[in-house]
Amino acid sequence: MNTKVLKNFGKNLKRYRLEKGWTQEQLAEKVNVHQTYIGKLELGLINPSLMKIFVITRALKIKLSNIMDFD
(Lines give C-alpha, C1' and ligand atoms only; values in the text may rest on other atoms or scores of the structure.)
Protein backbone atom coordinates (compact mmCIF):
# COMPACT_ATOMS: atom_id res chain seq x y z
CA MET A 1 0.00 0.00 0.00
CA ASN A 2 1.16 3.52 -0.75
CA THR A 3 1.62 5.14 2.67
CA LYS A 4 2.27 8.50 1.00
CA VAL A 5 -1.44 8.73 0.16
CA LEU A 6 -2.37 8.09 3.80
CA LYS A 7 0.15 10.66 5.05
CA ASN A 8 -1.12 13.29 2.59
CA PHE A 9 -4.70 12.56 3.59
CA GLY A 10 -3.68 12.97 7.24
CA LYS A 11 -1.99 16.30 6.56
CA ASN A 12 -5.09 17.59 4.80
CA LEU A 13 -7.33 16.35 7.59
CA LYS A 14 -5.24 18.12 10.20
CA ARG A 15 -5.15 21.34 8.17
CA TYR A 16 -8.92 21.48 7.77
CA ARG A 17 -9.48 20.54 11.42
CA LEU A 18 -7.18 23.31 12.60
CA GLU A 19 -8.83 25.81 10.25
CA LYS A 20 -12.06 25.10 12.14
CA GLY A 21 -10.20 25.62 15.42
CA TRP A 22 -11.13 22.13 16.58
CA THR A 23 -9.16 19.70 18.69
CA GLN A 24 -8.86 16.07 17.67
CA GLU A 25 -11.32 15.29 20.44
CA GLN A 26 -13.90 17.76 19.09
CA LEU A 27 -13.71 16.30 15.59
CA ALA A 28 -13.85 12.78 17.00
CA GLU A 29 -17.07 13.60 18.84
CA LYS A 30 -18.63 14.98 15.65
CA VAL A 31 -17.84 11.85 13.63
CA ASN A 32 -18.46 9.36 16.45
CA VAL A 33 -14.96 7.92 16.78
CA HIS A 34 -12.30 7.94 19.49
CA GLN A 35 -9.76 10.76 19.58
CA THR A 36 -6.93 8.28 18.94
CA TYR A 37 -8.57 7.34 15.63
CA ILE A 38 -8.31 10.96 14.45
CA GLY A 39 -4.70 11.10 15.64
CA LYS A 40 -3.81 7.95 13.73
CA LEU A 41 -5.53 9.28 10.61
CA GLU A 42 -3.57 12.52 10.82
CA LEU A 43 -0.32 10.56 11.12
CA GLY A 44 -1.20 8.38 8.14
CA LEU A 45 -1.16 5.22 10.23
CA ILE A 46 -4.58 3.85 9.29
CA ASN A 47 -6.65 3.57 6.15
CA PRO A 48 -10.17 4.97 6.67
CA SER A 49 -13.21 3.63 4.87
CA LEU A 50 -14.89 5.72 2.22
CA MET A 51 -17.91 6.13 4.50
CA LYS A 52 -15.72 7.44 7.34
CA ILE A 53 -14.05 9.92 4.97
CA PHE A 54 -17.51 11.04 3.86
CA VAL A 55 -18.65 11.57 7.47
CA ILE A 56 -15.47 13.51 8.26
CA THR A 57 -15.84 15.81 5.25
CA ARG A 58 -19.48 16.48 6.17
CA ALA A 59 -18.46 17.38 9.73
CA LEU A 60 -15.75 19.72 8.43
CA LYS A 61 -18.17 21.12 5.82
CA ILE A 62 -15.74 20.55 2.96
CA LYS A 63 -15.94 18.71 -0.34
CA LEU A 64 -14.61 15.19 -0.51
CA SER A 65 -12.27 16.33 -3.28
CA ASN A 66 -10.70 18.93 -0.96
CA ILE A 67 -9.41 16.40 1.53
CA MET A 68 -8.19 14.16 -1.29
CA ASP A 69 -6.24 16.94 -3.06
CA PHE A 70 -2.59 15.97 -2.74
CA ASP A 71 -0.95 18.53 -5.05
Side-chain angles (χ1 to χ4, degrees):
M1 174 183 275
N2 188 343
T3 58
K4 187 174 182 180
V5 170
L6 296 177
K7 291 192 182 298
N8 285 331
F9 173 83
K11 280 199 239 180
N12 286 346
L13 173 59
K14 184 174 183 176
R15 179 172 53 112
Y16 285 112
R17 176 180 62 78
L18 292 175
E19 282 179 7
K20 293 283 186 192
W22 295 347
T23 64
Q24 289 180 350
E25 185 174 9
Q26 288 171 314
L27 177 57
E29 287 175 9
K30 293 176 187 308
V31 298
N32 199 31
V33 296
H34 195 272
Q35 175 185 352
T36 57
Y37 182 81
I38 300 298
K40 288 178 182 179
L41 283 177
E42 289 183 356
L43 292 172
L45 299 177
I46 56 176
N47 187 5
S49 70
L50 180 58
M51 284 307 300
K52 193 54 70 180
I53 295 170
F54 179 79
V55 170
I56 289 169
T57 58
R58 289 294 176 232
L60 292 169
K61 294 185 171 66
I62 60 171
K63 293 180 181 178
L64 185 63
S65 60
N66 291 356
I67 206 162
M68 302 302 287
D69 184 6
F70 304 144
D71 293 331

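Quick caveat: nothing in here was measured; it's all calculated off a predicted structure. These values consider heavy atoms only, across backbone and side chains, with no hydrogens, waters or symmetry-generated copies.
Distance alone, capped at 3.5 Å, places no donor-acceptor pair between the D69 side chain and the S65 backbone.
No more than 12 heavy atoms of other residues, nucleotides or ligands lie within 6.0 Å of CZ in F54, so this atom counts as exposed by the packing criterion. For K52, the NZ atom counts as densely surrounded, since its 6.0 Å shell holds more than 12 non-hydrogen atoms of other residues, nucleotides or ligands.
Put simply, V55 and L64 are part of the same group of oily side chains (I, L, V, M, F, W, Y) that touch within less than 4.5 Å, one to the next. Under a hydrophobic-cluster definition in which Ile, Leu, Val, Met, Phe, Trp and Tyr are linked whenever side-chain heavy atoms come within less than 4.5 Å, directly or via other members, L43 and L27 are assigned to different clusters. L41 and L45 fall into different hydrophobic clusters, where Ile, Leu, Val, Met, Phe, Trp and Tyr residues are linked whenever their side-chain heavy atoms come under 4.5 Å apart, directly or through other members. One hydrophobic cluster, built from ILVMFWY side chains closer than 4.5 Å, holds both Y16 and V33. In this structure, I46 is a member of the same hydrophobic cluster as L13, with clusters built from ILVMFWY side-chain heavy atoms closer than 4.5 Å.
Here the CD atom belonging to Q35 is positioned 10.0 Å from the CD atom belonging to Q26, to the nearest 0.5 angstrom. Going from atom CG of L18 over to atom OG1 of T23 covers 10.0 Å, rounded to the nearest 0.5 Å. Atom CD1 of residue I62 and atom CZ of residue R58 lie 10.0 Å apart, to the nearest 0.5 angstrom. K7 NZ to K4 NZ: the interatomic distance, rounded to the nearest 0.5 Å, is 12.0 Å. Note that CG of L60 is 9.5 Å distant from NZ of K30, once rounded to the nearest 0.5 Å.
Residues passing the side-chain hydrogen bond (donor to acceptor under 3.5 Å, both in side chains) test with E42, sequence neighbours excluded: R17, Q24.
For the pair I53 and F9, the minimum side-chain heavy-atom distance is below 4.5 Å.
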